[in-house]
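Here the structure is laid out as structure tokens; the discussion comes afterwards.
In each ligand, atom 1 is the first atom listed, and ligand 1 is the first ligand listed.
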Amino acid sequence: MTRVELLPTAQQMREADAAAIAAGTPGFVLMTRAGEAVASVAESMVTPGAQVLVVAGPGNNGGDGFVAARILQDREYRVILALATARDRLRGDAAKAAEGWVGEVTPVQAAPFESADLIVDALFGTGLGRDLAGDARLAIERINASGRPVLAVDLPSGIDSDSGEVRGLAVLADRTVTFAARKPGHLLLPGRRFSGLVEVADIGIDAQAPGADRIATFANRPALWSGALPRPHLGSHKYERGHTLVLSGGATRTGAARLAARAALRIGSGLVTVASPPEAIGVNAAHLTAVMLRGCEGPEGLHAILQDQRFNALVLGPALGVHAATRAMVAVATLARRSLLLDADALTSFEGLASEMHQAFHHAPTVLTPHDGEFNRLFKGHPDLLDPPSKLERARRAAAYTGAVLVLKGMDTVIAAPDGRAVINENGTPYLATAGSGDTLCGIIAGLMAQHMPAFEAACAGVWIHAAAGASFGPGLISEDLADLIPNVLSDLLN
Ligand SMILES: NC(=O)C1=CN([C@@H]2O[C@H](COP(=O)(O)OP(=O)(O)OC[C@H]3O[C@@H](n4cnc5c(N)ncnc54)[C@H](OP(=O)(O)O)[C@@H]3O)[C@@H](O)[C@H]2O)[C@H](O)CC1
Ligand SMILES: [K+]
């Protein structure tokens, strides 16, 4: 099973850098190793004799570029270095690296971008602190306009290391070589798209040991949660594996609940029941076999069903309708203190009323699964939750605000817990962008919680399993396929 991968912030990288130096490795040795890593990836992209243009910035990212330039020149590459700052502005290790470069230095304006066989982007890395302007901006415009292969040092310049956002504009790299660890900006969009193929070079810095007091962000990997996956044992009986209740929409909107219900059954919930409004009983009954069916008329009907404590995981939202009755159902479900998954209409029914969700979900394991649009509608009027440029930060704040695990969906789904833990998912596939995909995810997560998997781990595992199931099918995927693709994914995880 792959190991856990921490994604350090720029600040955590600086601290890890400092710790390595304090432990006896001079900063310039780190820079030299970084430069060597850049040079070796460059060598895998172009052969000796090729024209390499290294574009260096004013800081240590630029310093890495100077080291790489020297090494490549020693290895018979034709190297030109374009400097996006005055040479006397260079400080510390970067200045030392520049002293080691005896080749040509040209201002950005005069650099031969279009004739380069490879461009090395050493403008900015984790020190990017504001939107780009001036020579730096010009350099990036010319890099992107050149159409030449681009290797980015640490990060594509212009991409924020912590948020993955573009600070004005950013280098579109074919490959990126980063140091010690990937950063959130390599996994979050659009940073992931600008980074191209990312490789991690070990330069002797341990960036995987966050202090206990620090906010830690991880890449979503089975190593994080496979130990918490439900594993039925010989004595298991169906009630031990939980009972998931999925609320259905009206007669013409019943498919979402059945998609969720089937997924909950497939992921291992011992029993699954669809709670259906009377006018949809016939429609649901015609489609259900192992999934059971109960009539449920409004909040009172749900309250009556929940007198049976064996219903220990609930799915509310898909196709319930955006109105007060849905809010009332959510209130009944919340008061019942069962594991709860809220999605779609159960979220957008609270548009402008998010304050009703403030600290509302501390009493029972709860997972909210909005996509960006639902998130923005739900938290309208809460700039403190909507404004942070980082998707990580928005998800973390909303989790802390509501007391629920927050799954902020997308190709870079973020899963955040109220205690600050966060995970970025990266095995998504564009084929999951199909009607009903989200409903299926609801069932997977709720079905895992029905089997007593903690909410955060169930959300991380559910997102990963959902994406892996979709990716295993590929083109032509429709949501009806997804539930039946779960067993293969599960058997790989459980064996
Ligand atoms: N620990 C490691 O992983 C190692 C990383 N290395 C490399 O070091 C960089 C980080 O270097 P740093 O000097 O901190 O920052 P940058 O090189 O990314 O940025 C340089 C300076 O640029 C200025 N700045 C910031 N934003 C802008 C902007 N939009 N326009 C113009 N200038 C900007 C800023 O200085 P100011 O004083 O102007 O604010 C930055 O300090 C890391 O990415 C790695 O490549 C080490 O080489 C090895 C160990
Ligand atoms: K860079």
Side-chain angles (χ1 to χ4, degrees), residues 6-23 25-39 41-42 53-68 82-86 89-98 100 108 119-140 143-144 150-162 165-183 185-186 191 194-196 198 200-208:
L6 177 78
L7 303 169
T9 62
Q11 180 54 33
Q12 288 169 343
M13 272 318 302
R14 280 188 284 275
E15 290 165 6
D17 197 5
I21 294 169
T25 306
F28 190 67
V29 169
L30 295 174
M31 182 172 284
T32 303
R33 291 174 185 166
E36 282 165 349
V38 172
V41 174
L53 175 63
V54 176
V55 187
N60 286 344
N61 196 252
D64 297 348
F66 271 102
V67 172
L83 189 53
T85 184
R89 257 203 71 190
L90 299 173
R91 294 283 175 274
D93 290 338
K96 191 172 177 183
V108 162
I119 297 175
V120 174
D121 158 27
L123 280 162
F124 300 105
T126 51
L128 181 71
R130 53 192 182 279
D131 285 3
L132 291 162
D135 278 355
R137 186 177 178 89
L138 170 68
I140 293 176
I143 290 171
N144 289 345
V150 177
L151 168 60
V153 176
D154 206 18
L155 287 145
S157 297
I159 292 296
D160 180 281
S161 183
D162 291 351
E165 62 164 333
V166 172
R167 299 302 305 264
L169 85 166
V171 167
L172 191 57
D174 299 281
R175 293 172 69 171
T176 295
V177 56
T178 189
F179 312 114
R182 292 191 296 171
K183 284 67 180 187
H186 291 121
F194 281 85
S195 299
V198 178
V200 180
D202 177 1
I203 59 171
I205 294 175
D206 174 14
Q208 291 299 306

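The OD1 atom of N61 and the O atom of F124 subtend an angle of 70° at the K ion (ligand 2), given to the nearest 10 degrees.
In summary, an N, O or S atom of V153 is located under 3.4 Å from the K ion (ligand 2). Taking 3.4 Å as the threshold, G57 does not count as a candidate ligand of the K ion (ligand 2), since none of its N, O or S atoms lies below it. At a cut-off of 3.4 Å, T176 does not coordinate the K ion (ligand 2) through any N, O or S atom.
Counting only heavy atoms from C-beta outward, the side chains of N60 and M31 approach each other to under 4.5 Å. Counting heavy atoms from C-beta on, the side chains of F179 and T126 never come closer than 4.5 Å. Between I140 and L123, the closest side-chain pair of non-hydrogen atoms falls below 4.5 Å.
Rounding to the nearest 0.5 Å places CZ of R175 at 15.0 Å from CG of D121. Note that CZ of F28 is 12.5 Å distant from CZ of R33, once rounded to the nearest 0.5 Å. With rounding to the nearest 0.5 angstrom, the CZ atom of R182 is 6.5 Å from the CG atom of L7.
Defined by atom type and a distance below 3.5 Å, a donor-acceptor pair is missing between the side-chain atoms of T9 and D162.
Using a 4.0 Å cut-off between charged nitrogen and carboxylate oxygen, K183 and D154 count as a salt-bridge pair.
D121 contributes O as its N, O or S atom closest to the K ion (ligand 2).
Protein residues having a heavy atom under 4.0 Å from any atom of ligand 1 are M13, D17, M31, P58, G59, N60, N61, D64, R89, F124, G125, T126, G127, L128, G129, R130, D131, L132, D154, F179, I203, I205, listed by chain and number.
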